[in-house]
Amino acid sequence: MSLALLSDLDLSARNTLALKARSRFGISITEATMLPRLFETAAARGLPVRILGGGSNVVLAPQFDGITALVALKGKQVVASDGDASIVEAAAGEIWHDLVRWTVEQGLGGLENLALIPGTVGAAPVQNIGAYGAELADTFDSLVAYDRQTGGQRTFSGTECAFAYRDSVFKHEPDRYVVLSVRLRLPKVWVPNLNFAGLSELAEARPTPETVMNRVIALRTSKLPDWRVDPNAGSFFQNPIVTLDNAAPVLAEFPAAPNFPQPDGRTKLSAGWLIEKSGLKGFRQGPVGISERHALVVVNHGGAVQADVASLAAHVKTTVHSRFGVRLHEEPIFL
Ligand SMILES: Cc1cc2nc3c(=O)[nH]c(=O)nc-3n(C[C@H](O)[C@H](O)[C@H](O)COP(=O)(O)OP(=O)(O)OC[C@H]3O[C@@H](n4cnc5c(N)ncnc54)[C@H](O)[C@@H]3O)c2cc1C
């Protein structure tokens, strides 16, 4: 049985950059059993399929000549509990921040540093979301994904996800898996993770998961432009991890430049700092620009399309490279 597809779907309100974007067809995935039929239908009609969650980490093309599958699988619950941890399972279409808040309300700590990250649960493993000294991998247990190659479901452990800084196996095989649900392992004995500027002050105040979550929300709200007001995709560039040789000119000129030594001997520089020191904070090019509030954020000032964002990103990369010899890489995915 084929599926009822929506025609000429307008996705302008389905991406946080508010780019003008349409898809020839669209479908809301409310049950995992729809997926085999979706891919059969697409193959029969010769149409490509792309997966969209909350649209908060994508730079959408103006026209996609295929099927955009909107992941709308719902449900979250505590599915198991052992001596050390509670296992929480959430369906891929759940809103990530709602899950964080819900776990805190259940008295479960572990996700609070990742509060207020936009998007869905299913996309969280794709780039191993991270913020305020934490990342998804810290509390990840396993996930279930639909494998387009085999037509079956597969369970992934953390090791199989190959999590790294803003990276996972799902980024490298973008057309293969659809994440259906994610399990998180939340510790029974909660130890706050306060190793981040703005959080360490909480150490003396007997913090709870809720107070840490509220502090993270306050910090994020004060620092990042609201995508509902100034459409954006959060951090637009990854913090570059470079060799010490590559970082040397930066650190020689600016000994206090933010840099974070990595276990492999390289160091992580701050992309936002490099962009700001390159004089690009607040820079505008056509309908897009670098936020005046945060140099890592690309903002759509109105009416932008994918090419405007790509052109600005190229300008930023060239400018930073000629100023500091450091190559930046985009964080959002061009779809
Ligand atoms: C204001 C703002 C702040 C942000 N802050 C942070 C931050 O602090 N840390 C951080 O890590 N990120 C941050 N982000 C980026 C973004 O929120 C995350 O990457 C988020 O996980 C994306 O979720 P989404 O549902 O919107 O994914 P989408 O943007 O819809 O999709 C992103 C990618 O994942 C794929 N995908 C989506 N769902 C699935 C699925 N179920 N199965 C397989 N593939 C899927 C898509 O095909 C696409 O390639 C921020 C974004 C914004 C706008």
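Numbering of ligands and ligand atoms starts at 1, following listing order. Heavy-atom basis, side chains included; hydrogens, waters and symmetry copies ignored.
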of all protein heavy atoms, closest to atom 32 (C) of ligand 1 is Val58 CG1, 3.9 Å

Restricting to heavy atoms, the pick from Ala233, Ser56, Gly54 nearest atom 22 (C) of ligand 1 would be Ser56

Atom indices of ligand 1, in the order listed, that fall short of 4.0 Å to a heavy atom of Arg166: 11 (O)

Carboxylate-amine/guanidinium proximity below 4.0 Å for Glu253 and Arg323: yes

Closest approach of any protein heavy atom to atom 29 (O) of ligand 1, naming residue and atom: Asn57 N, 2.8 Å

Can you pull out the closest protein heavy atom to atom 28 (P) of ligand 1? Residue, atom name and distance to 0.1 Å, please. Gly55 N, 3.6 Å

Taking the six-membered ring of Phe25 (Phe, Tyr or Trp), confirm whether the NZ or CZ of Arg45 is under 6.0 Å from its centre and within 45° of its axis. yes

Could you check atom 13 (C) of ligand 1 against the protein and tell me its nearest heavy-atom contact, residue, atom and distance included? Ile117 CG2, 3.7 Å

Hey, what's the ring geometry for Tyr146 with Phe39, parallel, tilted or perpendicular (30° and 60° as the breaks)? parallel

Which residue and heavy atom of the protein sit nearest atom 5 (N) of ligand 1, plus the separation: Arg220 NH2, 2.8 Å

Contact check, side chains of Asp308 and Gln285, non-hydrogen atoms, under 4.5 Å: no

NZ of Lys20: more than 12 outside heavy atoms within 6.0 angstrom? no

For ligand 1, which atoms sit closer than 4.0 Å to a heavy atom of Gly119? 23 (O), 24 (P), 25 (O), 26 (O)

Going by the order shown, which atoms of ligand 1 are within less than 4.0 Å of some heavy atom of Thr16? 53 (C)

Best match, Asn232, Val216, Val179: closest heavy atom to atom 42 (N) of ligand 1: Val179

I need the nearest protein heavy-atom contact for atom 49 (O) of ligand 1: residue, atom name and distance, please. Ile333 CD1, 3.3 Å

Of Pro118, Pro125, Gly53, Ala131, the residue with the heavy atom nearest atom 20 (C) of ligand 1 is Pro118

Can Arg185 and Asp82 be counted as an ion pair, charged N to O under 4.0 angstrom? yes

For atom 46 (C) of ligand 1, what is the closest protein heavy atom, and at what distance to 0.1 Å? Ile51 O, 3.2 Å

Atom 44 (N) of ligand 1: which protein heavy atom is closest, and how many Å away? Val126 CG2, 3.8 Å

Heavy-atom gap Tyr177 to ligand 1 smaller than 4.0 Å: yes

